[in-house]
Enquirer: 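The structure under discussion is supplied below as structure tokens; questions concerning it will follow.
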Amino acid sequence: MSPTPPGTGPLNPNLSGIDPNQMDAFITALSRAHASIGGQAEAIRTELRRVGVGAAALTPLKEIEDWAGSQVPRLRVRNELIRKRVPDWLPGWTAGLVPYDEAAVPFTSPEEARRAGAALSELYKRYVKETTGKVVTDELKERHRDLLARLLEHRDDADVAAAFFAGLGTAGTLALPRQIREFFEHGRSMSVSDEADSREAALGELSRMFAAATSASARVPGMAEVMDELERGGDAAARDALSWLVSEGRFPTAWLAAVGRDNAVIPMLNGSLTSETIALGTTARFLDALSADPAAARLAIGALSSDWAPGSPWPGRLPLALPKAELATVLARMDQFLARAEPRGNPAVFLRTRESFAQVLASASGVRDEQDGAHSEDAARFAFGVITAAPRFALTDAMRLRLAEIGGSYATEFAASAESLDPDSGRPSRFGRFDDELPGTNPAFRLSLTDAYHFLQTFADTNEHMEPFDRGMAALTQRLFAESVRVDKDRIAHPPPNGLQRETAVEQLFSRLGMVSGMQFAAMKVVRGTADVEDREGFEAFEQLLDKGMDSAMLLLPTAGGAPAAVGWMALSWAIKDGLGTALEPEARLPKVNSKELAQSRMVLHQIASGLLARGYTIKGAPVSFRPPTDPLIVDGEGRLRPFPEINRDPKKTEAFLRWLKDNGSIDSDADRRTFGKMVEGAALKSSGGHEQTEKILAAQDEKLRAILVGSD
């Protein structure tokens, strides 16, 4: 292959090229930066206003925010050009650098773009004036189609869009959604463009264009006034039009929060929202817009509560006629209003609105954009309100799933709050970080045992509804197991000088996991009303593992979780009961222990043992002894422990596995608790004991659970 001639290829200064994947990542990062700068600047501005200090010093920050907002849509335009050059491109496809012609970008300067936008608004106003009151002929419809197509071509160009909407004014802007609906409803059927081939698609494109325009409001005269007038609201028709304008785009957080607050949140709280408005889908669209911007959702709802953080930003005024309440009460009132609203027309629209509200709760809680164990304070505060309010919700299937997602996203807090013998577990839930002493956790709030138990009941009716919580617990288990093994390895290498042995981190972890599973299974029993749910569900999950030929490797699966990890959590967390003692003694047989329970118990032992081996627990030179597995019955050619399904099928392999654990101290009462076998046995016992202990404590508080456990009415 001959070398590339000088001045050619990607280093050629005359070459314009884009890597679609890298550009997508950059656009995402710049969009987040734009939202973050806007939110933080508004928080600072609010605080300065509170203390009577001018905000002139924030001008450079505002300029940066505006610049970032203006660049995002223009970068999207360039990436669209690349996608057209590579029609088969898909996200994640390694396209590399793709050349394109910068001259193909619609406008060379913001000034040119604004002139084009202003000209478009004049053309559109002239068309509306000339056709008002006339019968829609095919000729007029084609003319309207051409105007709309020309307009929506610039949906990502902020300066064109802002100049267009500013030229139309508030009334003309609000008329656009109705005019687009009429285009599709009257006359001959035709599409506006390939992207806008239906009413919903065209209105979505319009929303994207309006969102681009809002990012240029500070530099395009008239656009800020349009936004201010829209925020102040209007009649039902104006609210419906505005709901379409904000339905899909990305908007300034503070402005969107104010729009959502005034048009959806407050009307739900004070009862002024009408069934007719809900029936139009107006409320659902406002809620969808809020769920697309978690920070806006938190602002729109959270700032109406008495327990919202004093430093949280809030634009504008609060209605004096609406007294503040705890966030949990605010959320419960909103849910109760939607549940009581009288369906008018299509009942599915009312159900869809309740689904949108459930999406808002999940989004504002940080489910979509944050990670368990690392939530922002505002997201965690909102989630705390949702969790403590949820037992008062009128539950739908969609709400149950969203609540399970919130629970899975805050698995850390459930594990941290599950110390059932801690006196604090009986005290009221409280927001605020605390030292849980569980390695790898930094919980944002503490839940009382009762609140956690009642929350789990909101989605414990079916396995499908519980799955998001199971996935969250599986991911947490994997993460904390790795951290606990790291801590214990360090303790082995550096034993305490006084010789006192602490509870191992792995034992501590499995004790907490057992307590969470105890709460979860207790909730399942109460909700489903059956005493044998533990056996049935535990065995079903366990059999799924075996039927799929899966190794007991839940502790080693990717921490992102997934259906197999969720199944693994259910199997791992199932109470072992009498099976554990029997599992450790191959010759012993207790009448009340059946073969499934024995297999389940041994699977848990294998799970922990294989996880410890894989995480490197058995370090060289440790002060405690370890005998590696050598029997070919349980070790493959590469020296690795064979998968559990393979061992479980053969009684000789099962006995060899248990004997190996015994050789490592599993049933030796005098063995150091840090020895390998004792660690495996101790962790399994802690899990089982935590499960049973939590269930008994809850049964003492809950008559329904107690009746189910003892088999009485």
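Side chains are part of it too, since the values below use all heavy atoms of this structure and drop only hydrogens, waters and symmetry mates.
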Enquirer: Is there a side-chain contact between Y617 and V506 in this structure, where contact means two heavy atoms from C-beta onward sitting under 4.5 Å apart?
Expert: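 The answer is no; the side chains never approach within 4.5 Å.
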Enquirer: Between atom CG of L555 and atom OG of S610, what is the distance when rounded to the nearest 0.5 Å?
Expert: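 Answer for the CG-OG pair, L555 versus S610, is 7.0 Å.
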Enquirer: Please tell me if the side chains of L709 and K525 come closer than 4.5 Å, counting only heavy atoms from C-beta onward.
Expert: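 In short, these two side chains touch, coming nearer than 4.5 Å.
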Enquirer: Roughly how far, to the nearest 0.5 Å, is CG of L449 from CZ of R427?
Expert: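 Spacing of CZ (R427) from CG (L449) equals 14.0 Å.
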Enquirer: Quick check: does any side chain N or O of S417 sit under 3.5 Å from a backbone N or O of F414, one acting as donor and the other as acceptor?
Expert: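 Side chain of S417 to backbone of F414, a donor-acceptor pair under 3.5 Å: no, none is there.
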Enquirer: Any chance you could lay out the side-chain hydrogen bond (donor to acceptor under 3.5 Å, both in side chains) test for S484 and Q508, step after step, and finish with the verdict?
Expert: CA-CA 9 Å; S484 297; Q508 186 180 8; over 6 Å; no
Enquirer: So which heavy atom on V526 is nearest to which on L705, and how close?
Expert: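 Minimum heavy-atom separation between V526 and L705: CG2-CB, 3.6 Å.
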Enquirer: If you look at every heavy atom in R627 and N664, which pair is closest and at what distance?
Expert: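 Heavy atoms only, the tightest pair is N-OD1, 2.8 Å.
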Enquirer: Is there a side chain to side chain contact (heavy atoms under 4.5 Å, CB included) between F431 and E377 once you walk through the steps?
Expert: CA-CA 10 Å; F431 184 82; E377 182 176 347; 4.0 Å; yes
Enquirer: Between atom CG of D293 and atom CZ of R368, what is the distance when rounded to the nearest 0.5 Å?
Expert: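 Here the interatomic distance stands at 14.0 Å.
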Enquirer: Between L327 and I301, does the side chain to side chain contact (heavy atoms under 4.5 Å, CB included) criterion hold? Intermediate values first, please.
Expert: CA-CA 8 Å; L327 179 59; I301 301 173; 4.1 Å; yes
Enquirer: Without swapping roles, check the side chain of D636 against the backbone of G639 for a donor-acceptor pair under 3.5 Å.
Expert: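 Judged by distance alone, yes, a pair lies under 3.5 Å.
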Enquirer: Any idea how F459 and F469 line up, ring-wise: parallel (<30°), tilted (30 to 60°), or perpendicular (>60°)?
Expert: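 Ring orientation of F459 relative to F469: tilted.
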Enquirer: Say whether T388 and D451, considering side chains only, have a donor N or O and an acceptor N or O under 3.5 Å apart.
Expert: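 There is no such pair between these side chains.
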Enquirer: Within the 4.5 Å heavy-atom criterion, are F384 and L447 side-chain neighbours or not?
Expert: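 In contact.
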Enquirer: So D335 and R392, salt bridge (charged side-chain N to carboxylate O under 4.0 Å, His left out) or not? Walk me through it.
Expert: CA-CA 9 Å; D335 179 79; R392 289 178 270 170; over 6 Å; no
Enquirer: Could you check M515 against M519 for side chain to side chain contact (heavy atoms under 4.5 Å, CB included), going step by step and ending with a plain yes or no?
Expert: CA-CA 6 Å; M515 292 174 184; M519 284 193 296; 6.0 Å; no
Enquirer: Is any side-chain N of the basic residue among D672 and K678 closer than 4.0 Å to the acidic one's carboxylate O?
Expert: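 K678 and D672: not salt-bridged.
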Enquirer: If I compare all heavy atoms of R706 with all of A700, which pair ends up nearest, and what's the gap?
Expert: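 Minimum heavy-atom separation between R706 and A700: NH1-O, 3.5 Å.
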Enquirer: Go through the side-chain N and O atoms of D372 and T412 and say whether any donor and acceptor fall under 3.5 Å apart.
Expert: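 Yes, T412 and D372 have a side-chain donor paired with an acceptor closer than 3.5 Å.
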Enquirer: Please give me the minimum heavy-atom distance between R298 and F382, naming the atom from each residue.
Expert: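 Taking R298 first and F382 second, the nearest heavy atoms are CG-CD1, 4.1 Å.
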Enquirer: Between the side chains of S376 and E370, is a donor N or O closer than 3.5 angstrom to an acceptor N or O?
Expert: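 Side-chain D/A pair, S376 to E370: present.
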Enquirer: Is the number of heavy atoms from other residues, nucleotides or ligands within 6.0 Å of CD (Q371) greater than 12?
Expert: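 Check fails, neighbour count at 12 or below.
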Enquirer: Would you please name every residue forming a side-chain contact (heavy atoms from CB on, under 4.5 Å) with D369, sequence neighbours left out?
Expert: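 Per chain and number, D369 pairs via side-chain contact (heavy atoms from CB on, under 4.5 Å) with P294.
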Enquirer: Just by modelled atom types, is the L438 backbone N or O under 3.5 Å from a matching donor or acceptor in the T441 side chain?
Expert: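 Yes: the side chain of T441 pairs with the backbone of L438.
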Enquirer: Can you tell me how far CG of L661 sits from CD1 of I667, rounded to the nearest 0.5 angstrom?
Expert: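 One finds 9.5 Å between CD1 of I667 and CG of L661.
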Enquirer: Would you confirm whether R446, through its side chain, and R430, through its main-chain N or O, come within 3.5 Å as a donor-acceptor pair?
Expert: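 No, because the side chain of R446 does not come within donor-acceptor range (under 3.5 Å) of the backbone of R430.
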Enquirer: Is it the case that S365 and H375 place a side-chain donor and acceptor less than 3.5 Å from each other?
Expert: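 The answer is no; no qualifying pair exists.
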Enquirer: Quick one: CG on L304 to CE on M334, what's the gap to the nearest 0.5 Å?
Expert: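 The CG atom of L304 sits 8.5 Å away from the CE atom of M334.
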Enquirer: So, Q478 and W569: side-chain donor and acceptor under 3.5 Å apart, yes or no?
Expert: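 Side chains of Q478 and W569: no pair found under 3.5 Å.
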Enquirer: Using the salt bridge (charged side-chain N to carboxylate O under 4.0 Å, His left out) rule, take K704 and D702 through it: C-alpha gap first, then chi angles, then the decisive distance, then the call.
Expert: CA-CA 5 Å; K704 291 182 179 179; D702 187 342; over 6 Å; no
Enquirer: Using a strict threshold of under 4.0 Å (side-chain N to carboxylate O), is an ion pair present between K696 and E692?
Expert: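 No.
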Enquirer: Apply side chain to side chain contact (heavy atoms under 4.5 Å, CB included) to I387 and E413, showing your working.
Expert: CA-CA 11 Å; I387 290 169; E413 281 66 28; over 6 Å; no
Enquirer: Minimum heavy-atom separation for D397 to H465, with atom names?
Expert: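 Minimum heavy-atom separation between D397 and H465: OD1-CE1, 3.3 Å.
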Enquirer: Could you check whether the rings of F626 and W660 sit parallel, tilted or perpendicular, using 30° and 60° as the cut-offs?
Expert: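 Rings of F626 and W660: perpendicular, as their planes differ by over 60°.
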Enquirer: Using a 3.5 Å distance criterion without hydrogens, assess whether the side chain of Q336 forms a donor-acceptor pair with backbone atoms of A394.
Expert: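 No, Q336 side chain to A394 backbone: no donor-acceptor pair under 3.5 Å.
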Enquirer: Please determine whether a side-chain nitrogen of the Lys or Arg among R512 and D436 lies less than 4.0 Å from a carboxylate oxygen of the Asp or Glu.
Expert: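 Judged by the 4.0 Å cut-off on N to carboxylate O distance, R512 and D436 do form a salt bridge.
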Enquirer: Going by heavy atoms in the side chains, are E695 and H691 under 4.5 Å from each other?
Expert: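 They are in side-chain contact.
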Enquirer: Any chance the side chains of Q607 and R602 put a donor and an acceptor closer than 3.5 Å?
Expert: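 Absent: no donor and acceptor within the cut-off.
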Enquirer: Backbone N or O of G690 within a donor-acceptor pair of the T694 side chain at under 3.5 Å?
Expert: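 The answer is yes, because a donor-acceptor pair under 3.5 Å joins these two groups.
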Enquirer: In Å, rounded to the nearest 0.5 Å, how long is the span from CZ of R491 to CZ of R486?
Expert: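 Answer for the CZ-CZ pair, R491 versus R486, is 10.0 Å.
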Enquirer: What pair of heavy atoms forms the shortest contact from F357 to M399, and how long is it?
Expert: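 Looking at all heavy atoms of both residues, the shortest contact is CD2-CE, 3.9 Å.
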Enquirer: P468 versus L401: any side-chain heavy-atom pair under 4.5 Å?
Expert: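 P468 vs L401: side chains touch.
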Enquirer: Report yes if the side chains of R402 and V360 come closer than 4.5 Å at any heavy-atom pair, otherwise no.
Expert: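 Sidechains of V360 and R402: no contact.
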Enquirer: Name all residues meeting the ring pair (Phe, Tyr, Trp, His ring centres under 6.0 Å) criterion together with Y453; count only those two or more places apart in sequence or in a different chain, and write none if there are none.
Expert: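 Checked Y453 against ring pair (Phe, Tyr, Trp, His ring centres under 6.0 Å); zero matches.
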Enquirer: Go through the steps to decide whether T450 and Q701 satisfy the test side-chain hydrogen bond (donor to acceptor under 3.5 Å, both in side chains), and finish with yes or no.
Expert: CA-CA 9 Å; T450 301; Q701 303 171 6; 3.3 Å; yes
Enquirer: Please report whether the ring centroid of F445 lies less than 6.0 Å from that of F434.
Expert: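 That pair fails the under 6.0 Å test.
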Enquirer: Is the shortest heavy-atom distance from the side chain of L395 to the side chain of L403 under 4.5 Å?
Expert: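 Touching, per the 4.5 Å side-chain cut-off.
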Enquirer: Could you tell me whether a side-chain N or O of D488 sits under 3.5 Å from a main-chain N or O of T504, the two making a donor and an acceptor?
Expert: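 The answer is no, because no donor-acceptor pair under 3.5 Å joins these two groups.
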Enquirer: Ignoring hydrogens and geometry, is there a side-chain-to-backbone donor-acceptor pair from S511 to E507 under 3.5 Å?
Expert: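 No.
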Enquirer: Sub-3.5 Å donor-acceptor pair from the side chain of E405 to the main-chain atoms of A362, do we have one?
Expert: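 No, E405 side chain to A362 backbone: no donor-acceptor pair under 3.5 Å.
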Enquirer: Can you check whether M466 reaches T462 side chain to side chain, under 4.5 Å on heavy atoms?
Expert: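 Counting from C-beta outward, M466 and T462 never come under 4.5 Å.
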Enquirer: Does R479 pair with E483 as a salt bridge, N-O distance under 4.0 Å?
Expert: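 Judged by the 4.0 Å cut-off on N to carboxylate O distance, R479 and E483 do not form a salt bridge.
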Enquirer: Is the backbone of N442 close enough, under 3.5 Å, to the side chain of R433 for a donor and an acceptor to pair up by distance?
Expert: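 Here the side-chain-to-backbone pair exists.
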